[in-house]
Structure formats: C-alpha cells, structure tokens
Number of protein chains: 2
Amino acid sequence: MTPARTSTGTAPTRGRRPGRSTGDDREVAILATAERLLGQRPFGEISIDDLARGAGISRPTFYFYFPAKDAVLLTLLDRVTEEADAAAGDALVRLAEDPRARWRELIARFHATFGGHRDVVLACAQVRGTNAEVRRLWAEVLERWVRAVEAAIEGERARGAAPDGLPARDLAIALNSMNERVWYATFAGDGPAVAERDVVDVLLDVWLTAIYRTTTPPVSPSA
Amino acid sequence: MTPARTSTGTAPTRGRRPGRSTGDDREVAILATAERLLGQRPFGEISIDDLARGAGISRPTFYFYFPAKDAVLLTLLDRVTEEADAAAGDALVRLAEDPRARWRELIARFHATFGGHRDVVLACAQVRGTNAEVRRLWAEVLERWVRAVEAAIEGERARGAAPDGLPARDLAIALNSMNERVWYATFAGDGPAVAERDVVDVLLDVWLTAIYRTTTPPVSPSA
DNA sequence: ACGCCAGTCAACACCCTGTCGAGTCGAATC
DNA sequence: GATTCGACTCGACAGGGTGTTGACTGGCGT
C-alpha cells in the first residue's frame, strides 16, 4: 500500500523506512481506530490524542506515523477510491450490448462502494473544504471518472445511439457532480435527500435521459 | 434585518436590545470585515481576532455581537439566500408559455446571485460539514427550492408537456443537487468543472432532458 | 561491547477559543 | 448636577488542541 506520509510533500524523511516491520501494526491500528471513531462522531471532534490512545500509543508517537490528523483520512480515502476504481473498472465495456444495464451497473457499484464506507466518504466531504490534500486527491479521482464517462458518451454518439448535444465532457461533469451530491445527502441524511433504496434508479434515469433522451437506449444492431 | 444572535437558540438575551443604535455600525463592520477577508483566505484561516480587529474592536467585544465565528457566516448566508429567493421568485410563473425560457431564467438568476457572493457561498459549503446551524439553514432553503421545482414538474406533467417518470420530488432533488455541486466546482475552480460562461446552459440542458426528454419543451396550446 | 536506528514519550511553546469581572460613558431620571 | 442604568468595552485567565524537541529504550548487525 502507498505510504501515508504524503501531506507536506516536501519531506518523506519522517516515518518508518522500509525493511523493518514493527511499526506496521501501529499504523494499521491508527487507521482502524480512525475508521471506528468516524462511526461514532464527526472527524472534527476526533483529536489526535483519541487516535493515538485508540492505537495504544502516545500523541507524539502518532506523529511518527502520520504527519497530521488529515493524513489518516487521506489514507482511508485512498483505499476507498481504489476500491471504487476496481469496482467500476469494467462496467462500461460492451456498452452497446445493453446500455441501460451497463450504466446501471456503473452507478450501482459506486453506490455500493461508497455506501460501504459512508463514514469515511462523509468525513472526506467535510474536510475537503479545509484540506488541500484531500481536495486534490478527490479532484484527481473525479477527473478519471469524468474522463471515462466522457469517452463512453462519445462512443455512444459515434454509434448513433445517443444524439449530439452538450459537449461530452460538460455532460460527464454535470452527471458525476449530481451523483456525488445526491449520495452525500442520502448518506448524511440531512436536508432533502433521495431514499437510499431508490437512489440508484433515480440517478440512472437522469443519466439516461441526459445522454440518450430516453430511458431505454437502443442496443447495437450487431453483436 | 434579523439579529445575528441565533446560534445557541436558547438565549436571545445577549446583545444590544432595540432602541439604541451605537452598536449597529460595529455589527455591520464585523460582517463587512468577514466578507472582505473571505475574499482573501478561507474561513478556517480567519480568526475571531481578525474579525474583531478589522471592525476596530477587541476579541472579547466580538462576543458581544456574535456568539461565535460561525454566526457571522450564518448571517451572511441568510442574506444571500434571501437575495436568491427574491431573484428566483417569479421565474416559474406562466411556465407553459415558454418553458425553456422560464427554466433558463430560474437557473440563470440563481447563478447570478451565487456568483455575486461566491466567497460567502464557498465558505458556507466548507463549514456546512462542521456546523449544524449552517447545515440546517441550507437544508431549509434547499427544501423550499426543491418543493417549488417539484410543483412545477407536476404542473408540466398535468398539462401533458412532460412525460411521467421519476417521482417529481426525487427528480427535483437530483437536479437541485446537481446545480449545487456544479456551481461549487465552477466557483471554487478545483477539480473538474464546467466553464463559468457555459454552466447555465449545461445545467439547463440536463434539466430539460430530464424533465421533458427534449431540449425544446412544447408551449401550451392556449395563451 | 558497541554503535546505530526505529520507535517511544514527557514536557514545552504556541495558538485559538470562550468567559469573567472590572471597568467607561452617555442618556434618562430625580 | 448628581445619580442610576444599561449598552458597550477589554485585560486577563482557563482550557484544550496542535506540533516539536530532546532524551530514552531495546534489538540487531558488526
């Protein structure tokens, strides 16, 4: 796994150099403590001391493993986005054979991944406003997904299944943004939100109408 | 205007009782300082001391006017949402006469209002994660807008202009959520974002296709 | 037997928040 | 014109969180 000490960027000096192994358990203990505590109270109310004590070490020792509290969350986020990438992976291959099913699969898999780590996702959404590292990582990940969707839309237009219209990139951004915000509201449960069991179908409907102008996109004549 | 001392909720005792006027300038000075500083650095990096000194008072005196730093932002947000409400106001009346123009007007007016106060909007989005008051106020406002859009969609379905489909409320939530997130990205300028001059048209396109399945909704036969 | 280094923590310096109590001052009131 | 009252002000404190320093430990290679 990627080392956690990424936040300051300038100095990867701090922390355990590869070769030894004693400290690994402490690192995972911190991570586990963070994920557990995130289920109980918001990130802002968890102190470094809480994390350290939860992992059986003192506060200064925490800094041996992570440069700051946010870096823990960043590592957690990294895991989740990797899992989401893996889950999404091949959802859009052979799109032409059954577009509706493929798009639904994409959305459903993201939903499952995020829903399975909602505490982490929610916490990241919260600190994204104040932490540049989290913001950057999330922007990177989103950019990948936007590009994948953009390419898929262009593919559908090329085979004549989807009409021309908005630039594919803008459409991809808008749809991905919608998903992000709708999931946030659904998982956080504050403000107007779509019920969790409906959210995939609601999002799917908007995606299909925005891309194809119909909820039953045509399959490819061949195949 | 509404007094700012709303955060604790239990005790409106604190602060200047109506009748005198000396303190009003201080209050507006704090607000003005906050909005000015927000244009320079994020809310989290502005201390109460900064606000107080900017308004020409000491830190303890700040607490005479506002119960906490967040309350200042809350007051600022209140202004912006009121302005947005006023701007949006009658955009959806006579929808049937020219649906595309009316929807566009709604979106464009919100865009103009938020864009005119982007520093405040951005700051609120950031603290929403950590501040329950801001979260509640935003949820309330959003709920009003969702209801208005929901009613408009149902109206369009009733007159046969829009096909049935998703529950109108879910659709309204999804579309409003999309706007919120897309605007945030556009104004913040981090991560994948739609260019500011295109954003109204991009959002409009998704709204129209999601509601009508066409970008040129039919006008009412009468009128 | 010795040095090195990952790992550990008590203690410190700092910053920010929120509160308390002692004030100042102008405008009614007597 | 003295007195009272309440709006308004701030110095000083207590508390809690962060990040750093410097000293200490113990195993492992030489």
Side-chain angles (χ1 to χ4, degrees), chain A residues 3-31 33-34 37 41-74 127 130-133, chain B residues 3-30 33-34 37 41-74 127 130-131 133:
Chain A
R5 289 155 283 289
T6 45
S7 84
T8 42
T10 56
T13 20
R14 195 173 201 119
R16 189 192 57 270
R17 295 203 192 27
R20 213 55 62 86
S21 68
T22 330
D24 261 351
D25 357 340
R26 296 290 150 106
E27 187 169 327
V28 306
I30 292 173
L31 259 2
T33 303
L37 257 28
R41 52 179 184 275
F43 188 66
E45 288 174 20
I46 298 170
S47 71
I48 292 181
D49 206 46
D50 295 333
L51 260 21
R53 287 190 191 286
I57 55 177
S58 74
R59 199 171 57 80
T61 299
F62 168 91
Y63 288 97
F64 182 81
Y65 293 100
F66 294 94
K69 194 173 65 162
D70 289 0
V72 177
L73 194 53
L74 202 62
V127 304
T130 57
N131 183 287
E133 285 291 322
Chain B
R5 289 155 282 291
T6 45
S7 84
T8 41
T10 56
T13 22
R14 196 176 199 118
R16 189 192 55 271
R17 299 216 188 13
R20 214 54 62 87
S21 68
T22 328
D24 260 352
D25 358 339
R26 299 295 160 138
E27 187 169 328
V28 307
I30 293 172
T33 303
L37 257 30
R41 51 179 185 274
F43 188 67
E45 287 175 21
I46 298 171
S47 71
I48 292 181
D49 206 45
D50 295 333
L51 260 20
R53 288 190 190 285
I57 55 177
S58 73
R59 201 169 55 79
T61 300
F62 168 90
Y63 288 98
F64 181 80
Y65 294 100
F66 294 94
K69 192 174 66 162
D70 290 359
V72 178
L73 194 52
L74 202 62
V127 304
T130 58
N131 183 289
E133 285 291 322

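Proteins come first, then strands; the chains are lettered A, B, ... in the order of their sequence lines, and each starts at number 1.
Residue T61(B) places no side-chain N or O under 4.0 Å from the OP1 or OP2 atom of dC8(D). Here Y65(A) reaches the OP1 or OP2 of dT8(C): one of its side-chain N or O atoms lies under 4.0 Å away. Applying the 4.0 Å criterion to OP1 and OP2 of dT9(D), one finds that R26(B) has a side-chain N or O inside that range.
Counting heavy atoms from C-beta outward, L74(B) and F66(B) have side chains that stay 4.5 Å or more apart.
Taking atom CZ of residue F64(A) and atom C1' of nucleotide dG22(D), one finds them 16 Å apart after rounding to whole Å. Atom CZ in R59(A) sits roughly 10 Å away from atom C1' in dT20(D) (whole-Å rounding). A straight line from NZ of K69(A) to P of dG17(D) spans 10 Å, rounded to a whole angstrom. Going from atom CZ of R41(A) over to atom C1' of dG17(D) covers 14 Å, rounded to whole Å. When the P atom of dC8(D) is taken as reference, atom CD of E27(B) falls 10 Å away, rounded to whole Å. For Y63(A) and dG22(D), the OH to P distance is 17 Å, given to the nearest whole Å.
For R59(A), there are no side-chain hydrogen bond (donor to acceptor under 3.5 Å, both in side chains) partners two or more places apart in sequence or in a different chain. For A52(A), the side chain to side chain contact (heavy atoms under 4.5 Å, CB included) partners two or more places apart in sequence, or in a different chain, are I57(A), F62(A). Under the side-chain hydrogen bond (donor to acceptor under 3.5 Å, both in side chains) criterion, N131(A) pairs with D70(A), not counting sequence neighbours. Residues satisfying the side-chain hydrogen bond (donor to acceptor under 3.5 Å, both in side chains) test with T61(B), not counting sequence neighbours, are S58(B).
In terms of heavy atoms, D50(A) sits closest to T33(A) at O-CG2, 4.1 Å.
Panel note: side chain K69(A), backbone L51(A); no donor-acceptor pair is recorded below 3.5 Å.
Scanning residues 45-58 of chain B for heavy-atom distances under 4.0 Å to DNA chain C yields S47(B), I48(B).
Each end of the helix from dA1(C)-dT30(D) to dC30(C)-dG1(D) gets its own axis from five base pairs, and the two axes differ in direction by 20°, given to 10 degrees.
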